[in-house]
Amino acid sequence: MTTVQSVVRSMTLLEQVAHRPRGLVELADAAKLPTTTTARLLATLEDLHALRRDDEGIYRIGPTIISLVSTGDVGSSLRALAHPHMVELVGAVDEAVGLSIPVDGVAVTIAQVDAPRAVKAEDWYGTRWSLLGGGTGYALMATWSQSEVDELLDGSSDPGRVRDGIAAARAAGVSWSHGDYVDELSSVAAAIVDDSGRGIAALYVYGPSYRFPDGATHETERRLVEMARRISHAWNARTGRTVVQ
């Protein structure tokens, strides 16, 4: 069978990054490749969002790979891991709960658990929401590097509003939306983070604005943040990593 050398080398680099995030020179050494070749392959993988590079030049697994994992083998996906926690959260807050992952500037809904008292059950699975549009995106971007945020905001019609939303989410640990995504629907989101503390998914509670949020706003936020923390730890424990809070 004929193999394509560049594909084999790219897979080697992905495996090395998945094993331990590191910089260009370390990856070249680990993969036994010339630095120039490694840099070219990494740039391509970064363009495809298979890898991402932080402000210190460290490469980590990117949203494209994360989305493939989440939509692939259900037994090992984030969706399957998060589901029992989402069911528990629904029972605690008595409103619906959703889970989204970021892919190419949007948040894609990969799971939801409806509340027993849903006014109208909507299937949001596969729905794509702009990261710049409200709380889900702000909660995620609040954990991202400044360079990632700047790249996403390039060309935005209202970057000031988005930056304010990100700053508020960073300060509060959650981000609220009121009719930003769907008219008369409110939601509050918190990030699920990888071992570096970067948001790889958003967990959110949502319900009709006439009743949500109610007088238990702070308790809802507390339960949401706690459940996002538990899912983060469970996700990273699969590889023996520790979540950076």
Steps toward side-chain contact (heavy atoms from CB on, under 4.5 Å) verdict (Asp150, Leu152): CA-CA 5 Å; Asp150 290 342; Leu152 198 58; over 6 Å; no
Please lay out, stage by stage, how His85 and Leu99 fare under the test side-chain contact (heavy atoms from CB on, under 4.5 Å). CA-CA 11 Å; His85 299 283; Leu99 180 69; over 6 Å; no
Give the minimum heavy-atom separation between Ser232 and Val193, together with the two atoms involved. OG-N, 2.9 Å
Minimal non-hydrogen separation, Ala190 against Val174, with atom names: CB-CG1, 4.3 Å
Is the backbone of Pro34 close enough, under 3.5 Å, to the side chain of Thr38 for a donor and an acceptor to pair up by distance? yes
Hey, which of Phe212, Tyr138, Tyr204 is the one that makes ring-ring contact (aromatic ring centres under 6.0 Å, His included) with Trp176? Phe212
Identify which one of Leu45, Val17, Leu13 satisfies the side-chain contact (heavy atoms from CB on, under 4.5 Å) criterion when paired with Tyr59. Val17
Less than 4.5 Å apart, side chain to side chain, heavy atoms only: is that true for Ile200 and Ile101? no
Using the side chain to side chain donor-acceptor pair (under 3.5 Å) rule, pick out the option among Glu226, Glu219, Glu221 that qualifies with Arg223. Glu219
Hey, does Arg198 have a side-chain heavy atom less than 4.5 Å from the side chain of Trp144? yes
Is it true that Arg60 and Asp194 have a side-chain N and a carboxylate O under 4.0 angstrom from each other? no
Beyond-backbone contact of Leu14 with Leu51, side-chain heavy atoms, under 4.5 angstrom: yes
Are Ser145 and Glu148 close enough that a side-chain donor and a side-chain acceptor fall under 3.5 Å? yes
Verify the cluster assignment for Val108 and Leu48: are they in a single hydrophobic cluster under the rule of side-chain heavy atoms below 4.5 Å apart? no
Val103 reachable from Leu131 in the ILVMFWY side-chain graph, under 4.5 Å edges: no
Are the side chain of Arg170 and the backbone of Ala142 linked by a donor-acceptor contact shorter than 3.5 Å? yes
Looking at Thr44 and Arg40, would you say the former's side chain and the latter's main chain have a donor-acceptor pair under 3.5 Å? yes
With side-chain contact (heavy atoms from CB on, under 4.5 Å) as the test, would you mind laying out the steps for His83 and Glu88 before giving the verdict? CA-CA 9 Å; His83 184 263; Glu88 182 179 343; over 6 Å; no
Could you tell me whether the side chain of Leu203 reaches within less than 4.5 Å of the side chain of Met86, counting heavy atoms only? yes
Closest non-hydrogen atom pair, Val205 against Val93: CG1-CG2, 3.9 Å
In the single-linkage hydrophobic clustering (I, L, V, M, F, W, Y; side-chain heavy atoms under 4.5 Å), do Leu41 and Val25 co-cluster? no
Has the side chain of Tyr181 got a donor or acceptor atom that lies under 3.5 Å from a matching backbone atom of Gly134? yes
Got a donor-acceptor contact below 3.5 angstrom from the Ser186 side chain to the Pro213 backbone? no
side-chain hydrogen bond (donor to acceptor under 3.5 Å, both in side chains) between Trp129 and Thr136, worked out: CA-CA 8 Å; Trp129 316 95; Thr136 298; over 6 Å; no
Show your reasoning for whether side-chain contact (heavy atoms from CB on, under 4.5 Å) applies to Asp114 and Gln112. CA-CA 6 Å; Asp114 292 324; Gln112 72 178 52; 3.1 Å; yes
Are any of the side-chain nitrogens in Asp158 or Arg163 under 4.0 Å away from the carboxylate oxygens of its partner? no
Residues Asp195 and Asn236: closest non-hydrogen pair is N-OD1, 2.9 Å
With a 4.5 Å limit on heavy-atom distance, are the side chains of Thr220 and Val188 in contact? yes
Look at the side-chain heavy atoms of Ile, Leu, Val, Met, Phe, Trp and Tyr, link any pair under 4.5 Å apart, and say whether Val90 and Ile192 land in one connected group. yes
Determine whether Ile110 and Val87 fall in the same hydrophobic cluster, where Ile, Leu, Val, Met, Phe, Trp and Tyr are linked whenever their side-chain heavy atoms lie under 4.5 Å apart. yes
Contact check, side chains of Arg53 and Ser147, non-hydrogen atoms, under 4.5 Å: no
Closest contact, heavy atoms only, Val162 versus Leu132: CG2-O, 3.8 Å
Mind listing the closest non-hydrogen atom pair of Ala228 and Ala191 along with its distance? CB-O, 3.6 Å
Is any NZ, NE, NH1 or NH2 atom of the basic residue among Asp94 and Arg211 found under 4.0 Å from an Asp or Glu carboxylate oxygen of the other? no
